[in-house]
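The next block holds one structure in the form of structure tokens; read it before the comments.
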Amino acid sequence: MIEMTTAEIRPDELRQQLFDPAAGAYCGFEGWIRNHNEGHDVLRLEYEAYEPLAITEGEKILAEARECYPHLKAHCVHRTGMLEIGDCAVWVGVSSPHRDEAFQACRYIIDQLKVRLPIWKKEHYADGHSGWVNCERCAKSA
Amino acid sequence: MIEMTTAEIRPDELRQQLFDPAAGAYCGFEGWIRNHNEGHDVLRLEYEAYEPLAITEGEKILAEARECYPHLKAHCVHRTGMLEIGDCAVWVGVSSPHRDEAFQACRYIIDQLKVRLPIWKKEHYADGHSGWVNCERCAKSA
Amino acid sequence: MKTITVRYFAMFREHAGIGEETLSVDADTAVDVFHATQHRHRSTEPSGHCKVAINDVMADWDSPVSDGDTVLLFPPVAGG
Amino acid sequence: MKTITVRYFAMFREHAGIGEETLSVDADTAVDVFHATQHRHRSTEPSGHCKVAINDVMADWDSPVSDGDTVLLFPPVAGG
């Protein structure tokens with residue numbers, strides 16, 4: 001299941017939903033807002049999503065992971081709105097019988113989420129400027 | 001830092017120690033007690049450790065990971081004693097600027113802990129028997 | 001001419017100064033709609049970095065558009 | 001003959017029926033101590049799967065032992 005939220009992400013509560021007596025391994029990933037990007041001092045990040053398609057595409061990604069690893073339980077939450085340094089922007093949790101699947105599935109899910117979900121982030125810099133991440137670079141390389 | 005404990009492992013409190021304004025990624029691994037192993041129904045698991053060397057060897061493993069990934073924060077807790085299905089036996093948490101290092105370092109640490117720490121586990125089965133994990137197999141293959 | 005509702009997101013919305021508008025365009029496929037909006041808002045983002053959906057379903061640039069469709073224009077994503 | 005304190009863990013402790021004992025052994029290296037304990041407790045675990053420490057420091061099987069040393073015998077590990 002994938003959820004979009006404007007509220008604080010609580011990994012500890014979320015991971016409990018993945019409990020399974022047959023699971024020996026849990027792998028969790030969190031994306032935190034960090035204070036720098038490509039040489040800029042970042043003060044905060046603003047996330048915008050188009051939720052209907054973020055949910056549809058996210059569910060597809062989770063289904064792909066479960067197809068590769070049949071005993072997987074996987075869940076993901078992505079936050080939107082204005083986030084501060086240290087806030088958790090995205091959480092992916094996976095439980096499975098063995099650790100190899102848990103690591104691989106968790107990695108697959110976050111990698112795919114990053115490139116396929118219609119979610120954009122705007123960085124607000126210490127110098128007062130702001131910019132959409134990636135977009136400026138794409139425009140330059142055009 | 002590596003800790004040995006007989007108390008419940010609380011990943012949420014532990015992960016907060018890894019907070020770093022320069023960290024954009026957090027990867028956590030947990031080993032849970034599962035209800036089966038190699039075709040046996042498992043009721044509970046008993047962990048025994050030789051703590052002085054478990055700590056020394058664990059610190060070495062964490063130092064190796066930090067040498068590969070200089071901006072890493074890493075921490076590990078291993079529980080000992082009698083554990084029930086679903087209990088967390090080991091937790092590894094890693095934060096770093098980017099997700100690639102976080103996943104790789106977390107995986108390195110848990111893989112090394114499993115083969116290098118002087119920690120043994122005895123499975124208690126539904127049929128009333130019990131056995132030290134791995135040891136029986138090694139004896140057979142001798 | 002077809003009546004197409006276009007929705008802009010993130011950088012595109014800021015550049016267009018509007019989140020949604022309804023246009024009369026001479027367009028057979030999604031990329032024709034994209035080019036019409038670029039002309040209208042003097043934008044140069046290449047379609048290769050962007051994605052498009054038609055009526056809330058992900059589509060390709062050469063997917064056909066029909067009168068009354070809503071076309072969603074997604075700039076490059078950077079989730080997580 | 002040297003006086004060596006041997007500590008057993010997990011499977012070894014259960015097999016020996018004791019956690020620690022002090023032996024008089026004719027031993028130059030750690031593996032000699034290991035073989036002496038195997039003979040004593042009729043155990044057949046190969047040293048290749050096991051590890052050894054001398055006075056709380058990880059050692060090799062061919063590490064020398066001295067009178068008064070404590071040798072720790074570790075069966076195969078399975079942490080986590």
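In what follows, every heavy atom counts, from backbone to side chain, and hydrogens, waters and symmetry copies are set aside. This structure is a prediction, so every number in the text was calculated from the model and none was measured. By convention in this document, chain letters (A, B, ...) are assigned in the order of the sequence lines, proteins followed by strands, and residues within each chain are numbered from 1.
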Are there residues of [range] whose heavy atoms fall under 4.5 Å of chain A's heavy atoms? If so, which?
{"range": "residues 58-68 of chain B", "value": "none"}
{"range": "residues 12-29 of chain B", "value": "Asp12(B), Arg15(B), Leu18(B), Phe19(B), Asp20(B), Pro21(B), Ala22(B), Ala23(B), Gly24(B), Ala25(B), Tyr26(B), Cys27(B), Gly28(B), Phe29(B)"}
{"range": "residues 92-99 of chain B", "value": "Ser95(B), Pro97(B), His98(B), Arg99(B)"}

### Task
Kindly write out the residues that satisfy side chain to side chain donor-acceptor pair (under 3.5 Å) with Arg107(A), not counting sequence neighbours, or none if the list is empty.
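Expected list: Asp111(A), Asp100(B).
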### Query
chain B: which of Ile85(A), Asn35(A), Ile33(A) shares the most heavy-atom pairs with it under 4.5 Å?
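Max contact count across the listed options: Asn35(A).
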